[in-house]
Amino acid sequence: MIQAPKGTRDILPSEIHKWQFVEKAFRKLCDSFGYKEIRIPVFEHTELFQRGVGDTTDVVQKEMYTFQDKGGRSITLRPEGTAGVVRSYIENGMASLPQPIKLFYDITAYRYENVQKGRYREFHQFGVEAFGAAGPAIDVEIISILYMFFERLGLKKTGLNINSIGCPKCRSVYHEKLKEYYKPHLSELCGNCRERFDRNPLRLLDCKETGCKRFVSGAPSLQDYLCDDCRAHFEGLKSGLDNLGIEYGVDPGIVRGLDYYTRTVFEFISENVGTQGTICGGGRYDGLVETCGGTPTPGIGFALGVERLMMELESQGIVIEEPPAPDLYIATMGQKASDFAQQMVYKLRSCNVGAETDLMSRSLKAQMKYADKKGFSYTIVLGDNEIESGKGVLKDMRNGEQKDVSLDSILDRLKNQCK
RNA sequence: GUGGGUUUAGCUCAGUUGGUUAGAGUGCCAGGUUGUGGCCCUGGAGGUCGUGGGUUCGACUCCCAUAACUCACCCCA
């Protein structure tokens, strides 16, 4: 038997209403913030991610689904959404549209990695990107989208943490300070951290090894080395969040693993998603448009893991209502009744009444059982008697009450009653 | 790439120190005198016991390998 590939999942009819609910909520939210949906390709030229996400990142080095197409091009399934959106922004000349450009997306993304709780090889992301605004006001707006989203969904214990990782200028100063601090302890660090020391010293700060953790508290803080502009930006962000009453913590440990982030980075964290506590992460990427071949343009965005969001809703006990019960099932006996019933459900459906009738020539009892299990609100039984008299009995399945009705009146009745 | 746990019917699980034709509950289908669902009763379909080797007269059971699932490291959403 052929199974779904490792790390992929079917979203089944029994759970689809949950997905549709959060999708709808997200769209509505983005709409009210003035963000328009963009749909980008599932695959891009590999080079886009190498340049955009960063050649040294784990995502690019070992997690991409890369293949050669029949024309000899190197193609990669998108491991995230930002690079593709940036590409589209440049390619479609969005710089000449009214600024800022505000976009959102609802996509699948693909990463080849070992699966565990809250992490899959194909997963879903809601994302938002904004281009052209350099000041902290847009940072506040982006974060406020998420804050409002979680609030609307009823999520309580999902905390916001922010940090500033500075611009390339102040970061290089800080890197040197950090290396100075860690150098004497180098031999006491784990293997990973010794590698990070050269490649990305920022990551030394969020190592989980206890042997390494003990140095974190004494390490110089990036906050102390931010340049004046970055510091002002971060202060602007904080006061902007305060202004909207958005609660947050400053966590100097937030260091995003994608190369493009600058200045503002943030995460929404949960305790319920296993060790993949990050439901949502994002930040500013002021150098990315230029890196991808456009004119220098500031940008900021986030991506939210929809599977993780679902888990969080589940574990916080938030119930998403199931779709309403279908309206009418017409049970039939004999060919005449069946033909008549098919005309009737066709008419009812054209008025958006959820109606069904037997398609398997089953016994009356089997048809009634079906109607019960599928949750129909009403049933009516049609046989030769009803066809001749034009009258039947409409049964309310919730309480078993029966009422005489004329067949002609059912359509009107249900139009009013059901919708 | 590295570790731990798991794998028997669609689903949840039993299965004795290795011994006939591998079971239960639930779900599905049908019937309980051919015009009515829920409760109850009866019957049916559905399993190469994850896969491949090995030990044995004999393997769901013991050994080895492998895959998938799952949790964790790393990294990210």
Side-chain angles (χ1 to χ4, degrees), chain A residues 1-9 12 14 53-54 56-64 78-82 107-127 146 190-193 195-196 200 203 206-209 254-259 261 265 267-270 273-283 301-312 329-334 337 358 360 362-386 392-400 402:
Chain A
M1 176 204 154
I2 300 170
Q3 294 176 301
K6 192 186 182 91
T8 66
R9 312 178 57 141
L12 298 171
S14 57
V53 177
T56 64
T57 59
D58 279 8
V59 169
V60 169
Q61 281 192 337
K62 48 186 205 188
E63 294 175 2
M64 295 208 301
R78 59 188 176 206
E80 54 103 56
T82 303
I107 61 169
T108 52
Y110 304 85
R111 292 184 196 171
Y112 188 87
E113 55 187 343
N114 277 339
V115 295
Q116 54 185 288
K117 192 169 191 180
R119 88 190 309 182
Y120 306 100
R121 290 183 174 178
E122 179 186 64
F123 59 101
H124 295 74
Q125 290 190 329
F126 294 159
L146 286 162
C190 70
N192 268 326
C193 282
E195 267 179 51
R196 288 169 178 148
N200 190 353
R203 295 217 67 91
D206 67 346
C207 183
K208 271 101 188 167
E209 297 283 334
I254 299 181
V255 181
R256 315 255 80 228
L258 305 180
D259 278 357
Y261 287 113
V265 291
E267 293 178 341
F268 280 80
I269 307 285
S270 155
V273 193
T275 42
Q276 272 60 55
T278 308
I279 292 181
C280 171
F302 68 75
L304 178 150
V306 185
E307 284 82 359
R308 292 180 185 181
L309 176 68
M310 293 303 200
M311 282 184 224
E312 183 66 3
Y329 184 84
I330 305 180
T332 60
M333 306 185 71
D358 174 60
M360 293 171 70
R362 292 206 283 193
S363 70
L364 181 59
K365 180 170 182 164
Q367 294 183 55
M368 291 303 290
K369 279 193 172 193
Y370 173 83
D372 180 42
K373 284 176 202 155
K374 295 301 275 292
F376 282 91
S377 304
Y378 296 95
T379 55
I380 186 164
V381 179
L382 297 189
D384 291 341
N385 298 344
E386 286 78 11
V393 176
L394 187 68
K395 180 169 183 175
D396 186 332
M397 293 294 274
R398 289 161 295 194
N399 54 24
Q402 306 198 29

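Predicted model, so just to flag it, every value in this text is computed and none were measured.
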Q. How far does NZ of A:K395 sit from CD1 of A:I380, to the nearest 0.5 angstrom?
A.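 If we round to the nearest 0.5 Å, A:K395:NZ and A:I380:CD1 are 12.5 Å apart.
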For the [atom1] atoms, the ones on [N] and on [M], what distance do you get once it is rounded to whole angstrom?
N: B:rG27; M: B:rA65; atom1: P; answer: 42 Å
N: B:rA22; M: B:rA14; atom1: C1'; answer: 11 Å
N: B:rG53; M: B:rC60; atom1: P; answer: 14 Å
N: B:rG47; M: B:rG23; atom1: P; answer: 14 Å
N: B:rU12; M: B:rA30; atom1: C1'; answer: 25 Å
N: B:rG50; M: B:rU61; atom1: C1'; answer: 16 Å
N: B:rG31; M: B:rU36; atom1: P; answer: 13 Å
N: B:rC13; M: B:rU8; atom1: C1'; answer: 9 Å

Q.
Nearest heavy atom decides the nucleotide; on that basis, is A:G282 or A:P5 closer to the 5' end of RNA chain B?
A.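 Comparing both residues, the 5'-ward one is A:P5.
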Q) Between A:K62 and A:T8, which has a closest nucleotide on RNA chain B that is more 5'? A)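 Looking at the nearest nucleotide for each, A:T8 comes out on the 5' side.
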Q. Residues in side-chain contact (heavy atoms from CB on, under 4.5 Å) with A:T108, at least two apart?
A.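 Residues passing side-chain contact (heavy atoms from CB on, under 4.5 Å) with A:T108: A:R78, A:Y110, A:E122, A:H124.
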Q. With side chains defined as the heavy atoms from C-beta onward, is the minimum distance between A:M360 and A:Q367 less than 4.5 Å?
A. no
Q: Look at the side chain of A:E267 and the base of B:rA77, then say whether one donor and one acceptor between them are separated by less than 3.5 Å.
A: no
Q: Give the stems involving RNA chain B, where a stem is 3 or more consecutive Watson-Crick or G-U wobble pairs (i with j, i+1 with j-1, and so on) under 3.5 Å.
A: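 Stem list for RNA chain B: B:1-7 with B:67-73, B:10-13 with B:23-26, B:28-32 with B:40-44, B:50-54 with B:62-66.
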Can you name the nearest heavy-atom pair linking [X] to [Y], along with the distance?
X: A:A331; Y: A:M368; answer: CB-SD, 4.5 Å
X: A:G81; Y: A:Q125; answer: N-OE1, 3.8 Å
X: A:E80; Y: A:I107; answer: C-CD1, 4.3 Å
X: A:G7; Y: A:V115; answer: CA-CG1, 3.3 Å

When all nucleic acid strands are considered with a 4.0 Å heavy-atom cut-off, which category describes [X]: base, sugar-phosphate, or nothing?
X: A:G7; answer: sugar-phosphate
X: A:A303; answer: sugar-phosphate
X: A:E80; answer: nothing

Atom pair distance, as rounded to whole Å: [atom1] in [X] and [atom2] in [N]:
X: A:R9; N: B:rU70; atom1: CZ; atom2: C1'; answer: 11 Å
X: A:Y110; N: B:rA77; atom1: OH; atom2: C1'; answer: 14 Å
X: A:K117; N: B:rC73; atom1: NZ; atom2: P; answer: 12 Å
X: A:R308; N: B:rC71; atom1: CZ; atom2: P; answer: 12 Å
X: A:N114; N: B:rG1; atom1: CG; atom2: C1'; answer: 8 Å
X: A:Q3; N: B:rA67; atom1: CD; atom2: C1'; answer: 9 Å
X: A:E63; N: B:rG1; atom1: CD; atom2: P; answer: 13 Å

Q: Mind checking side chain to side chain donor-acceptor pair (under 3.5 Å) for A:R362 and listing every partner two or more places apart, or none if nothing turns up?
A: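 Here no residue qualifies.
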Q | Pairing residues for A:Y261 by the ring-ring contact (aromatic ring centres under 6.0 Å, His included) criterion, not counting sequence neighbours | A |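 Checked A:Y261 against ring-ring contact (aromatic ring centres under 6.0 Å, His included); zero matches.
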Q.
Once ring-ring contact (aromatic ring centres under 6.0 Å, His included) is applied, do any residues pair with A:Y370, and if so which ones, sequence neighbours excluded?
A. A:Y329
Q: Tell me, please, whether A:F376 has A:R398 positioned over its six-membered ring: NZ or CZ under 6.0 Å from the ring centre and within 45 degrees of its axis?
A: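 Not satisfied by the 6.0 Å and 45° rule.
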Q. Going 5' to 3' along nucleotides 27-38 of chain B, which nucleotides have protein heavy atoms under 4.0 Å from the base (write B), which only from the sugar-phosphate (write S), and which from neither (write -)?
A. -SSSSB--BBBB
Q: Establish, with yes or no, whether the OP1 or OP2 oxygen of B:rA72 is under 4.0 angstrom from a side-chain nitrogen or oxygen of A:Q116.
A: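 So the side chain of A:Q116 is within the cut-off, an N or O lying under 4.0 Å from OP1 or OP2 of B:rA72.
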